[in-house]
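Contents: one structure, followed by commentary.
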Amino acid sequence: MNPRNVGEIENPDGQGTYGSPVCGDMMQIQIKVENDVITDAKFKTFGCGSAIASSSMATEMIIGKTIDEALEISNKQIIDELGGLPPVKVHCSVLADHAIKCAIYDYAEKNGKTYAGLEGFDPNADEDDHDEIIEE
């Protein structure tokens with residue numbers, strides 16, 4: 001009901017956009033990074049309430065975390081922090097998780113950095129390739 005961190009960051013250090021033409025949800029997450037710590041994150045989401053809630057919670061969870069800590073956040077943790085999502089809306093947390101990784105991937109590419117949490121990550125993968133709950 002009260003999403004946080006809505007908007008855009010001027011000159012973001014990383015930006016990730018991810019969505020699904022199948023469900024219609026699109027997410028953009030932008031990050032500001034200082035000394036490998038995410039100091040700010042903003043999102044813009046076109047989609048249902050669950051998509052907006054997942055984006056908002058994802059940004060709340062990564063602010064103040066190191067890049068490596070943020071990369072460890074799973075869609076299951078986003079669901080848990082939200083207090084649950086209906087099974088038909090789990091894909092919203094997957095989209096948020098993927099958008100975070102896309103933003104960090106963009107940051108890493110711009111700065112010539114590598115992170116273990118991005119190993120094998122494909123920012124252009126279709127949602128169908130990521131449509132599952134990632135268990136810890």
Side-chain angles (χ1 to χ4, degrees):
M1 296 298 286
N2 300 298
R4 296 179 198 97
N5 307 313
V6 176
E8 291 185 78
I9 295 174
E10 193 171 320
N11 302 315
D13 294 316
Q15 175 174 301
T17 302
Y18 193 66
S20 166
V22 175
C23 70
D25 296 322
M26 293 292 292
M27 297 181 182
Q28 173 185 281
I29 292 184
Q30 296 177 321
I31 56 173
K32 242 343 179 188
V33 181
E34 290 178 27
N35 299 319
D36 251 20
V37 174
I38 298 171
T39 58
D40 196 12
K42 300 278 187 215
F43 79 92
K44 291 188 346 184
T45 294
F46 174 80
C48 65
S50 295
I52 294 166
S54 294
S55 302
S56 176
M57 184 56 72
T59 57
E60 284 287 297
M61 292 173 73
I62 64 173
I63 293 172
K65 297 248 189 312
T66 66
I67 295 289
D68 289 321
E69 290 169 337
L71 286 169
E72 290 176 9
I73 294 172
S74 69
N75 72 298
K76 180 165 180 355
Q77 289 172 300
I78 295 169
I79 292 170
D80 291 346
E81 287 295 316
L82 288 170
L85 282 174
V88 72
K89 296 297 183 179
V90 165
H91 71 279
C92 294
S93 65
V94 174
L95 293 174
D97 173 43
H98 196 83
I100 289 169
K101 286 181 174 65
C102 286
I104 293 172
Y105 183 91
D106 182 51
Y107 167 75
E109 289 283 298
K110 288 178 180 173
N111 293 280
K113 295 180 177 256
T114 57
Y115 297 98
L118 288 176
E119 195 172 303
F121 175 74
D122 180 0
N124 300 311
D126 291 333
E127 184 198 359
D128 293 344
D129 298 337
H130 298 279
D131 202 13
E132 77 279 347
I133 296 178
I134 300 164
E135 299 293 338
E136 295 164 27

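Residue numbers start at 1 and run along the sequence shown. Scope of the values below: all heavy atoms of this structure, side chains included, with no hydrogens, waters or symmetry mates.
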Pairs of donor and acceptor atoms involving the side chains of residues 39-46, under 3.5 Å and at least two apart or interchain, shall be tabulated with distances.
from	atom 1	to	atom 2	distance (Å)
Thr39	OG1	Lys32	O	3.3
Lys44	NZ	Glu8	OE2	3.1
Thr45	OG1	Ser55	OG	2.6

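- There is no path of hydrophobic side-chain contacts, each under 4.5 Å, that joins Met61 to Ile9.
- Annotation for Tyr105 and Pro123: closest pair CE2-CG, 3.5 Å, computed over non-hydrogen atoms.
- Interatomic distance, OG of Ser93 versus CD1 of Ile73, reported as 12.5 Å (0.5 Å rounding).
- Taking both residues in full, the closest heavy atoms of Ile62 and Ala70 are given as CG2-CB, 3.8 Å, listed atom of the first, atom of the second, then distance.
- Side-chain atoms of Gln77 come within 3.5 Å of backbone N or O of Ser74 as a donor-acceptor pair.
- Put simply, Ile104 and Val37 are part of two different groups of oily side chains (I, L, V, M, F, W, Y) that touch within less than 4.5 Å, one to the next.
- Between Ser54 and Met27 the shortest heavy-atom distance is CB-CE, 4.5 Å.
- Taking Asp13 as the reference, nothing meets the salt bridge (Lys or Arg N to Asp or Glu O under 4.0 Å) condition, with sequence neighbours excluded.
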Test side chain to side chain contact (heavy atoms under 4.5 Å, CB included) on Cys48 and Asp25 and set out the steps.
CA-CA 7 Å; Cys48 65; Asp25 296 322; 4.1 Å; yes
What donor-acceptor contacts under 3.5 angstrom involve side-chain atoms of residues 109-121, with partners at least two apart or in another chain?
from	atom 1	to	atom 2	distance (Å)
Lys110	NZ	Asp106	OD2	3.1
Asn111	ND2	Tyr107	O	2.8
Tyr115	OH	Asp36	OD1	2.7

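- Nearest heavy-atom pair across Gly47 and Ile52 is O-CD1, 3.9 Å.
- Here salt bridge (charged side-chain N to carboxylate O under 4.0 Å, His left out) pairs that include residues 58-69, with residues two or more places apart or in two chains, number zero.
- Between atom OH of residue Tyr18 and atom CD of residue Gln28 there is a gap of 15.5 Å, rounded to the nearest 0.5 Å.
- For the side-chain contact (heavy atoms from CB on, under 4.5 Å) criterion with Val94, the lone passing option out of Asn75, Ile79, Ile78 is Asn75.
- In this structure, Cys102 and Thr17 have side chains that are not in contact, with every pair of non-hydrogen atoms separated by 4.5 Å or more.
- Atom-to-atom distance recorded for Leu71:CG and Asp97:CG is 9.5 Å, nearest 0.5 angstrom.
- Residues satisfying the side chain to side chain contact (heavy atoms under 4.5 Å, CB included) criterion with Pro86, sequence neighbours excluded, are Val88, Lys89.
- The backbone N or O of Pro12 lies less than 3.5 Å from no partner atom in the side chain of Gln30, so there is not a single donor-acceptor pair.
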